[in-house]
**Student:** 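Before I ask anything, let me first share the structure, which is written out below as structure tokens.
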Number of protein chains: 2
Amino acid sequence: MNPTIKDVAKKANVSIATVSRILNKQPGYSVKTKERVLEAIKELGYQPNAVARGLINKRTQTIGVLFPDVSSMFSSDLLKGIEDIAHERGHSVIVCHTTLSGQRTMKYLQLLNEKRVDGIIFTSEAMTEEYYNVLKEMNIPVVLLATQSYRYPLPYVKVDDKHAAYSAVSYLIQKGHHNIGMISGDINDQLAGLPRIEGYKQALLDRGIPFDEKKVVVSRGFRYEDGIAQLPKLLKQAKDLTAVFAASDEIAVGALSAAYELGIRVPEDLSIIGYDNLKIAEMAIPPLTTLAQPLYEMGKAGTEMLLDMLETGQAVESRVMPHSIVERRTVKPLS
Amino acid sequence: MNPTIKDVAKKANVSIATVSRILNKQPGYSVKTKERVLEAIKELGYQPNAVARGLINKRTQTIGVLFPDVSSMFSSDLLKGIEDIAHERGHSVIVCHTTLSGQRTMKYLQLLNEKRVDGIIFTSEAMTEEYYNVLKEMNIPVVLLATQSYRYPLPYVKVDDKHAAYSAVSYLIQKGHHNIGMISGDINDQLAGLPRIEGYKQALLDRGIPFDEKKVVVSRGFRYEDGIAQLPKLLKQAKDLTAVFAASDEIAVGALSAAYELGIRVPEDLSIIGYDNLKIAEMAIPPLTTLAQPLYEMGKAGTEMLLDMLETGQAVESRVMPHSIVERRTVKPLS
DNA sequence: CTGAAAGCGCTAACAG
DNA sequence: CTGTTAGCGCTTTCAG
């Protein structure tokens, strides 16, 4: 069995209180005792029991992160940022894959409560009343990552989706494209679906290009398969498109594949711009021009916010992260 | 604050022992008290404190998983399998990104010990004496995932790398290729580096094709960038190759990109086979033929093993998982 | 500067 | 069937 603080105390001939003080760098002991204790610790290979500490401190130094079954590349960029900061600031992270069904999300929320995590990062999924209620009950800091809620006062970190989509489409227009299609994600998704369509629409309108609903096709998700399925559909219902804006990189790469099958050359015959800037954007053939979300930084920022709330007890401000265009080779300038 | 078992006991007019029994489904109470207690629990919204439980039971229902900074796609497939089984069997998972430096691995190991996790899954990285010693000290089950150790008696789950590489190259030969190159990962990697080269060599020799070291080029890692850099080098030092075996899908996709830049058509001018069967293999243009490792199943299997050890206290047997060839479109049969 | 003792929330004998 | 009690390993008053 692991040695306990008691063993250390006995070995060093002091009380456990003294050992505890030394462990926690509190004042109240002579240099000599400190040395003796430190030596006992080393000799025994003593490691404090975080469980016992958690019980009394009411802090577990652990946070929970909920991921829906979104593209794993998307999630893992976020996770990396989260884990880096959490570790740096002395916290562990418990990952929870909630998949689609809310049931599992509820189970996880309950679990995280039982484990007494210090805070929760809720990613990508929409916040529901049910979730919010239990979160409120738990009475711990929560931050929304790559999602947000109008209804509930939870701090978030995300990109401005509408604005980002606007930028992507504006970029296309600047490059001389006028006949631009869009492959959207789920239109019922108030967070990543609709706003991007609105950004697309707005960009068009602002340049005096009429919006034509035939030019946007909506899929159920944001996956590769959606891109594969939707590009042909889009091309059929909207003629002579010179460019398409895909609502995610996975969709864009799917579109790239579909185009390849159709014998349509990208970017010679058709320009494509994606959204996210995942690793696959870089790896695509040809490399995908895309609207970049700083996923890794978002993960870091969200975690910073969470831990700040934890430490200060204060609310923090939401952060809208900057997006940018990463120019690669799927958009051809039109003369 | 969260209500405690005491509150429940008071409200239901019973002792905390009775509540505890009911919570743990142990015998020893009437139906009536049970109902009363259950109602009190519901009314208070009581949730047992897993930290307190962990302290007394010496079980935290939590496992730790260590990932080096391997391709995130690779890790996240594993993680998904791990998390699914862990959750199904009532455990949470703490993720630890160890990056490259062993220092961080040691810190994590120590952390996981302090948190008193019930078991550890150690992925991809080579087991060192230093790690093994602390792991042994911790005295909890450990399983190696996508790695193995000759020196230390730790159960593992992985694919037979040499055999898998042998299969991949044999496949190429069956398709009529004789002049086959290889882009290897780090040759100093005893687990994923060398064995795959040996499999390549063996497959050649078994068909009477002489091995020529000019035909294999080794990179430092298994990343996309390595593929990009190494293909041109390989093509320069080995003429008239008709096919290449890449030691990972990322390398293969990098090779695909490099070929595209060079104006080499795949598979018309050059066939390529990858290794892993990540999602990107499917998404590549053209879709990548590859040697599939069942990553998700491996994650599941490893976790099953770990939890079995935990529950039974018995050692478990290592598992060599089946590999297979996923035929897509980067290998052209030679007449 | 140091120790004794209470108690975090829970489980597990041991009594009754 | 039910309650009392002693800890699990630690932090933290409160005395000295």
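Just so we're clear, the structure is a prediction, and the values are computed from it rather than from any experiment. All values below come from the heavy atoms of this structure, side chains included, with hydrogens, waters and symmetry mates left out.
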**Student:** Calculate, to the nearest 0.5 Å, the distance between atoms OG and CZ belonging to Ser30(B) and Arg36(B) respectively.
**Tutor:** 7.0 Å
**Student:** Does this structure show an ion pair linking Lys42(A) with Glu35(A), if we count only N-O contacts that are shorter than 4.0 Å?
**Tutor:** no
**Student:** Strictly below 4.0 Å, heavy-atom distances to any atom of DNA chain C: list the hits from residues 48-63 of chain A, or just say none.
**Tutor:** Leu55(A), Ile56(A), Lys58(A)
**Student:** Using atom types as modelled and distance alone, determine if a side-chain donor or acceptor of Asp186(B) lies under 3.5 Å from a backbone N or O of Asn188(B).
**Tutor:** yes
**Student:** Tyr131(B) vs Glu125(B), test: side-chain hydrogen bond (donor to acceptor under 3.5 Å, both in side chains). Steps then yes/no.
**Tutor:** CA-CA 11 Å; Tyr131(B) 302 159; Glu125(B) 208 179 350; 3.3 Å; yes
**Student:** If you measure from the Lys or Arg side-chain nitrogens to the Asp or Glu carboxylate oxygens, is any gap between Glu304(B) and Arg89(B) under 4.0 Å?
**Tutor:** yes
**Student:** Rounded to the nearest 0.5 Å, what separation is found between the CG atom of Asn113(B) and the CD1 atom of Ile120(B)?
**Tutor:** 7.5 Å
**Student:** For His91(A), run the side chain to side chain contact (heavy atoms under 4.5 Å, CB included) check against Thr60(A), Thr303(A), Leu310(A) and tell me which one passes.
**Tutor:** Leu310(A)
**Student:** For residues 2-26 of chain B, which residues have at least one heavy atom under 4.0 Å from DNA chain C?
**Tutor:** Thr4(B), Ile5(B), Ile16(B), Ala17(B), Ser20(B), Arg21(B), Asn24(B), Gln26(B)
**Student:** Contact boundaries of DNA chain D with chain B (under 4.0 Å, heavy atoms), 5' to 3'?
**Tutor:** dC1(D) to dG9(D)
**Student:** Check Val51(B) against Lys115(A) and note the closest heavy-atom contact, atom names and distance.
**Tutor:** CG2-O, 3.6 Å
**Student:** When you measure from the side chain of Tyr46(B) to the backbone of Glu43(B), do you find a donor-acceptor pair of N or O atoms at a distance under 3.5 Å?
**Tutor:** no
**Student:** Can any side-chain N or O of Ser318(A) pair as donor or acceptor with the backbone N or O of Pro155(A) at less than 3.5 Å?
**Tutor:** no
